[in-house]
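I have placed the structure first, in the form of structure tokens, so that the comments after it can refer back to it.
One is the number of the first residue; the rest follow in order along the sequence.
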Amino acid sequence: MSHPLDTDAGSELFSSYEAELKLVQADLNQKLDQIPDLHGEPRKAAVSQAERAIEEANELLDQMRLEKQNIPSATRTKVNQRFRNHESDVDRAKQKLRTLADDRSALFGSRYSDNPNDVQLEQRQQLLSGTDRLDRSSQRLKASQALANETEAIGASTLADLHRQRETIQHTGDVLLESEGYVDRSVKTLRGMARRMATNRIITICIITVLVLLIIAVIVSKFR
């Protein structure tokens, strides 16, 4: 049987599907226990209800199969074991329902006959076979639709992530261009400061030279 629900071992969404599956399984097991005591139309109605419950259980298993891929690998082993247990439970329920549905004398009541020449028996067999094939096709179609929806959601999420990354790259490029403009202006400012410093140095040297020449001239004029 399945393990108790352990929300620490899987995502919240997986645990939600698992809890819903447990309710479906409980309802399914109750129906399977009631079918052996029923005959005729009530039995057929109960079999149909059990088949719908199995379809719902399969849909939940498909959702859980997709969701468990998003669970971290550190806890996925325990989740996989729980998932396999649920699959086994549903498979056993399918086999039990198939056995109950094959009991045609109970299913059709006193109208059932084992005579191979009975036209009604052949028609019933064909109807049951066609219904079974239709149910399997419906289940595969629902599983494919669920997978397509999941793939579409993943694709939309990926596109949204790419769009955000593109905006981030564009913003980074704008920042780099703006920073480059600041660097260019800084370089120009530094060059201007360097030119002014060089000019001031030349002016200072010229002033000092003139002062030295004036001092020499004053000294020379005093000794004449």
Side-chain angles (χ1 to χ4, degrees), residues 1-7 9-69 78-116 118-150:
M1 295 299 291
S2 301
H3 292 178
L5 186 62
D6 182 6
T7 55
S11 70
E12 293 182 1
L13 187 55
F14 181 90
S15 299
S16 174
Y17 288 142
E18 186 176 18
E20 188 174 353
L21 177 61
K22 284 178 177 290
L23 295 177
V24 173
Q25 286 177 311
D27 182 60
L28 174 61
N29 291 332
Q30 183 180 7
K31 288 181 173 62
L32 293 176
D33 291 338
Q34 294 173 351
I35 289 176
D37 299 329
L38 301 175
H39 299 277
E41 292 300 325
R43 186 184 182 95
K44 287 192 289 185
V47 169
S48 298
Q49 292 174 359
E51 289 175 345
R52 288 194 293 272
I54 287 179
E55 289 180 3
E56 186 177 356
N58 285 326
E59 292 176 3
L60 290 170
L61 286 174
D62 291 336
Q63 294 296 331
M64 291 167 65
R65 184 180 294 107
L66 293 172
E67 181 61 25
K68 72 187 180 71
Q69 302 301 322
K78 189 174 182 180
V79 170
N80 284 335
Q81 181 61 45
R82 283 160 46 194
F83 179 79
R84 286 192 294 270
N85 290 339
H86 289 306
E87 276 190 320
S88 299
D89 291 343
V90 174
D91 288 339
R92 282 194 293 269
K94 287 180 184 177
Q95 294 174 0
K96 185 175 181 180
L97 177 61
R98 190 177 297 113
T99 301
L100 294 171
D102 288 341
D103 188 356
R104 302 179 189 276
S105 61
L107 191 63
F108 294 105
S110 60
R111 294 176 299 169
Y112 177 77
S113 172
D114 287 329
N115 186 354
D118 190 348
V119 177
Q120 290 184 349
L121 171 61
E122 183 178 358
Q123 291 176 346
R124 294 183 187 122
Q125 290 175 338
Q126 292 177 351
L127 178 60
L128 289 173
S129 177
T131 301
D132 186 55
R133 287 195 299 269
L134 181 60
D135 288 341
R136 290 197 298 269
S137 299
S138 177
Q139 291 174 5
R140 288 194 294 268
L141 180 61
K142 289 179 179 179
S144 300
Q145 182 65 35
L147 181 60
N149 291 336
E150 182 71 15

Fill in: Set of residues satisfying side chain to side chain donor-acceptor pair (under 3.5 Å) with respect to Asp91, sequence neighbours excluded
none
Worksheet item: Among all residues two or more places apart in sequence or in another chain, which pass the side chain to side chain contact (heavy atoms under 4.5 Å, CB included) test with Leu23?
Response: none
Worksheet item: Can you check whether Lys44's main-chain N or O pairs, donor with acceptor, with Ser48's side chain at less than 3.5 Å?
Response: yes
Fill in: salt bridge (charged side-chain N to carboxylate O under 4.0 Å, His left out) against Glu87, all qualifying residues, sequence neighbours excluded
Arg65
Item to complete: To the nearest 0.5 angstrom, please state how far the CE atom of Met64 sits from the CZ atom of Arg82.
Response: 7.0 Å
Item to complete: Mind listing the closest non-hydrogen atom pair of Pro36 and Leu100 along with its distance?
Response: CG-CD2, 3.9 Å
Discussion item. Less than 4.5 Å apart, side chain to side chain, heavy atoms only: is that true for Asp62 and Leu147?
Written reply: no
Worksheet item: Just how far is it from atom CD of Glu18 to atom CD of Gln25, taken to the nearest 0.5 Å?
Response: 9.0 Å
Discussion item. Please list all pairs meeting salt bridge (charged side-chain N to carboxylate O under 4.0 Å, His left out) that have one or both residues in residues 45-56, counting only residues at least two apart or in different chains.
Written reply: Glu55-Lys142
Discussion item. Could you check whether any side-chain heavy atom of Tyr17 comes within less than 4.5 Å of a side-chain heavy atom of Leu61, counting everything from C-beta outward?
Written reply: no
Worksheet item: If every non-hydrogen atom of Leu38 is compared with every non-hydrogen atom of Arg43, which pair is closest and at what distance?
Response: O-NH1, 3.0 Å
Worksheet item: Nearest heavy-atom pair of Leu28 and Ala50: which atoms, and what distance?
Response: CD1-O, 3.5 Å
Worksheet item: Rounded to the nearest 0.5 Å, how far does CZ of Arg92 lie from CG of Asn29?
Response: 9.5 Å
Worksheet item: CG/Asn58 to CD/Gln63 distance, rounded to the nearest 0.5 angstrom?
Response: 12.0 Å
Worksheet item: Partners of Glu20 by side chain to side chain donor-acceptor pair (under 3.5 Å), sequence neighbours excluded?
Response: none
Worksheet, complete the sentence: For Phe14 and Glu67 the tightest heavy-atom approach is N-CG, 3.6 Å
Discussion item. I need the Leu21 CG to Asp89 CG distance, nearest 0.5 Å.
Written reply: 8.5 Å
Practice prompt. Mind jotting down which residue pairs meet the salt bridge (charged side-chain N to carboxylate O under 4.0 Å, His left out) criterion with at least one end in residues 23-34? Sequence neighbours excluded, please.
Written response: Asp27-Lys31, Asp33-Lys96
Practice prompt. Report the C-alpha distance between Arg98 and Gln95 in whole Å, list the side-chain angles of each, state the deciding distance to 0.1 Å, and finish with yes or no for side chain to side chain donor-acceptor pair (under 3.5 Å).
Written response: CA-CA 5 Å; Arg98 190 177 297 113; Gln95 294 174 0; over 6 Å; no
Discussion item. So which atom in Ala53 and which in Val24 form the shortest heavy-atom distance, rounded to 0.1 Å?
Written reply: O-CG1, 3.4 Å
